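Here the structure is a predicted model, which is why all the values come from computation and not from measurement. In the text below, chain A, chain B and the rest are named by the order of the sequence lines, each starting its count at 1.
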Amino acid sequence: MKARVFVTLKNGVLDPQGKAIGHALGNLGFEGVGSVRQGKLIEIELSETDEAKAKAALKEMCEKLLANTVIEKYDIELKA
Amino acid sequence: MKARVFVTLKNGVLDPQGKAIGHALGNLGFEGVGSVRQGKLIEIELSETDEAKAKAALKEMCEKLLANTVIEKYDIELKA
Amino acid sequence: MNAPVAVTPEVVKDHGLNDAEYARIVELLGRAPTIVELGIFSVMWSEHCSYKSTRIHLKKLPTSAPWVIQGPGENAGIIDVGDGDVCVFKMESHNHPSFIEPFQGAATGVGGIMRDVFTMGARPVASLDSLRFGEPNHPKTRHLVAGVVSGIGSYGNCMGIPTVAGETNFHKSYNGNILVNAMCVGLAKADKIFYSAAKGAGNPVVYVGSKTGRDGIHGATMASAEFNEDSEEKRPTVQVGDPFTEKLLLEACLELMATDAIIAIQDMGAAGLTSSSSEMADKGGSGIEIDLDKVPQRETNLTAYEMMLSESQERMLAVLKPGREAEAERIFKKWELDFSVIGYTTDTHRMVVRHKGEIVADMPVTALSDAAPIYERPFVKRKPTSGKVSFEASRPAMESLLRLLSTPDLCSKRWVWEQYDYTVMADSVQQPGGDAAVVRVHGTDKGLACCTDVTPRYCKANPFEGAKQAVAEAWRNITAVGGLPLATTDCLNFSNPEKPEAMGEIVAGIEGLGEACRVLEFPIVSGNCSLYNETQGEGILPTPTIGGVGLLKDVHKMATVAFKREGDAILLIGDTKGHLGQSVYLREIEGLEEGAAPPVDLKLEKKNGDFVRGLIEAGTDTVHDIADGGLLVAVAEMAMAGGIGAVLRGQFEADKFIPFYFGEDQARYLMAVPAAEADAILAKAKKAGVRARHIGFTGAKNDKGEAVLTGVGLPPVTVTALKATHEAWLPEYMKG
Amino acid sequence: MKSAVVVFPASNCDRDAAVALEQITGTKPVMVWHADSEVPDVDLIVLPGGFSYGDYLRCGAMAGQSNIMRAVKEKSEQGVKVLGICNGFQVLTETHMLPGVLMKNAHLKFVCRPQALEVIETQSVFTRKYQAGQRVVFPVAHGEGNYVADDETLDRLEGEGRVVFKYAPGENPNGSARDIAGILNEKRNVLGLMPHPERVCDPLLGGTDGKAMFEGLIEALG
Ligand SMILES: Nc1ncnc2c1ncn2[C@@H]1O[C@H](COP(=O)(O)OP(=O)(O)O)[C@@H](O)[C@H]1O
Ligand SMILES: [Mg+2]
């Protein structure tokens, strides 16, 4: 099973990278660019075939390692 | 319009961050974890309402700035 | 907090204010406070901002000397370093945020202290970090070390300010409450110093830097409340640092400071807009009116309460001369920073805050400063530990040395400092690994020597002597590189002042600091207190960290610890009684934490140190002070640094090996001098009344020609083997 | 020799580079702001180390898109010498003035230390005062110095004598392919390297191994 985990900053947490990217896009002449936020995309291959079990494991991985839940939130997507 | 841009390493490019995460997951006792790859997720708010135009602009942003196409590929997802 | 919140007794309690304090607020205002005012009082009267438990004791510290330009009370202390140059420096703690989010907590700690320094007109030139972690085998420690070190590195490296020295130690008392103390040292010109006193009425108040968000609200009050089990769960919003913006802010501020447009300037640190605006008005004897609608905002619907209490990073408040706004704005726009005139100074001595057309706070400025509560908390002074210590006299010393060199406290900290850019700015003439770092004053031959020191286990055993020792060690480390120690900054990390025993440690500690600083003419010019460092009722070891700064007139005459030549005579300066109480040896080899902390004879410190400094000025280039681990560890460090061996030939009895090699008597130095000069130096010492002994030679080798360390009771071990042991522990540990 | 140092927001070795240049050439370099669109008439342009734009997104990426880099590129095409140190090297790869990319160090940590290097190629205006095979020590201080390119590119770089510095065998600090520390462009007038020669032009700072690079440039460029 393949999973994609999206780790992004919680709302309201300052995102210096996103801010700088937004700024640079403006300088490059792109118009109408509003807020830009940068997060992580982590692609994981799992041998687990049961969807519920995989999800539970991924959730634990996020809590323990992949996301810093003090400032980040996460989202899990599964593909068989 | 809201866009999500995924920037990931091309196949074959070594990903030390992904490898380190895989390793750490192993240490934490997670079993059956295969390859792990880390990429970037960039969320952009656009004032553009025309989907085709937005896509074209995003593609240009990726080529010019968001991805280094020597080693990275990108994927664009639009949400109205 | 969107709807107006009523000020109920619960709300008051949540703000950490007790009944008496609340009554005082009502009295000062002549009415009940609004929620915004309550928030403002709660942060300004917090331990962190008001020093309510320590203020009466801190008054006892010596803070002046002919070379002190600014003592405590401003953003940072300032000393004169000659030729119109001044050195601006301060240390600050970021303990609680770093425990909750090690990377961001440590990074924003570094950013905050840098702002304190450049807000006074100085360009930061060196950064130092004093770190205390829990036991290595505690499940959180590794993660905390990794996060804190990379957070400090990421901020300092991006700012382009070298991180040149620090400390990294481990002890179980920090398991649930690590210490991250960051020090920043800057340089300015004496005629270009900026203060925070906003004198005069009708002057524009400008906000510059990053936008305001909901970051770290309650940060200041959090730093003043004891940790309990669910504070990890509560997870207060931690601030995220943006070193890129700070670098722009630094350059923009220095550019504006080169003009004469600024009347006063102050960074927004703990309690952000609240403390910066009220303190500027208070110090200037003026009043201030600000309009929150003009504050650059990152998020929508920020309330007045949130804006006043936000701890968003990388922001500054300045008061300009009227009419200079456009000029200042041009500079900040060039650096792509936010700039907004948010109010004016007044002559009302009141702080008035408007939001959406309404007055949300209106209070006398002095209510937040002079009228803040001061407590004379009850304390008991514990009897210092004492008594004979037990150890096995026949234990092989070389084996013990090898073990000591690989302990968490004595091992090499290279793994840490290699993550810091310590060479940027091209003035780091003494890099990490020595007794003190030396940073050249750009474009001159002068150097600033800086270090941070404290030995918490001594402070636990004897808070008074331990505090003296912290000052003495900093003074000694500066002396050992050839610097003249000038002044200090401190970070007083203690536990809960509401407990008489802990308060006793605070009082004795401050008295010890005061005495040492007085005798050594090493005044305290800035600093901060971090109290309530305890978890579930268990306090940390008392940790009054001292940051020292000294001056070398000519960096070409600097000494380093590395042996430089074979055949040099090794001289030991100072008395060796073999004091093993509270030593690393006793703890690591015998498993005992007992005995008295080593006594500190300040007059002797001064005499020995002045003698050593004189020799360095006359050409001695190899000096090391003797500290943790004692004489043999110090010799090993000199050998490892130079890749040159040594032979020690003691004239002492076999049963005294252990105390001689591992005792931690104070006021001692080792030096290596050309053998031909040894006698003359010994004679000079005798004349000066300084104890000095010739204890060995550099350059010992084994029959394979490899450099070795050997001597009486010391079977030869190669310097390569010593180094391998010394370098191994931390990287191995961090691999997990 | 007339020189210029480009200053990006959060460049932080601009002063170090300027001091080294002034010390060795006797004249102050011109400092050029990133938002400018022209480079003055000089013989050498230095892109200094630092964290341009915080190194956010990718190191050097945003600086690579700046106004000034268009001008630098043009100048380099006219043959003006360009020296990119550390972040400057990253900017050069981002603008494709040099091939390959600099990725995060393989151990994922920032690394600052004195670094032993081997001078591989002396047929360049930057290294003419060194001897082939000479060992020198320059400090490194970077988080993203892991040079990556495809095998074909690497073969070509080595084949054409465009790899000028390599990390000494067994001392690679960042996982860089084939121990590469610095490379030239095809026309050999653009050099990018991760280590900092400008920080070792003064014996007090741990050595003078960097001096020969600037002295060579003066000799060649007058
Ligand atoms: N966190 C750190 N950051 C930078 N340098 C450090 C750090 N920890 C230790 N060091 C350096 O390692 C060396 C040894 O530290 P320490 O044993 O505390 O020195 P000393 O006993 O002379 O006070 C010193 O040069 C010190 O500056
Ligand atoms: Mg020392």
Which bit of Tyr56(D) is near chain C, if near means a heavy-atom gap under 4.5 Å: side chain, backbone, both or neither? side chain
Compare every heavy atom of Asp202(D) with every heavy atom of Arg440(C), then report the nearest pair and how far apart it is. NH1-OD2, 2.7 Å
Note: vs chain C, highest number of non-hydrogen pairs under 4.5 angstrom among Ala141(D), Ala35(D), Pro9(D), Pro139(D) is Pro9(D)
So which part of Arg113(D) gets closer than 4.5 Å to some heavy atom of chain C, the side chain, the backbone, both or neither? both
Using heavy-atom distances under 4.5 Å, tell me whether Val149(C) contacts chain D through its side chain, its backbone, both, or neither. neither
Short side-chain to backbone donor-acceptor contact, Asn12(D) and Asn157(C), under 3.5 Å: yes
At a heavy-atom separation under 4.5 Å, does Pro114(D) approach chain C through its side chain, its backbone, both, or neither? both
Would you indicate whether the side-chain heavy atoms of Leu205(D) and Val429(C) approach each other to under 4.5 Å? yes
Comparing Ser150(C), Ser428(C), Cys158(C), Ala426(C) against chain D, the one with the most heavy-atom pairs below 4.5 Å turns out to be Cys158(C)
Note: Asp427(C)-Arg15(D) ion pair, threshold 4.0 Å (strictly below): yes
The interface call for Val19(D) against chain C, heavy-atom contacts under 4.5 Å, is side chain
Check for me whether the distance between the ring centres of Phe244(C) and Phe51(D) falls short of 6.0 Å. no
I need the residue from Asn87(D), Asp55(D), Val111(D), Asp14(D) with the largest number of non-hydrogen atom pairs under 4.5 Å to chain C. Val111(D)
Most contact-rich option vs chain D, by heavy-atom pairs under 4.5 angstrom, among Met558(C), Lys334(C), Glu246(C), Gln430(C), is Lys334(C)
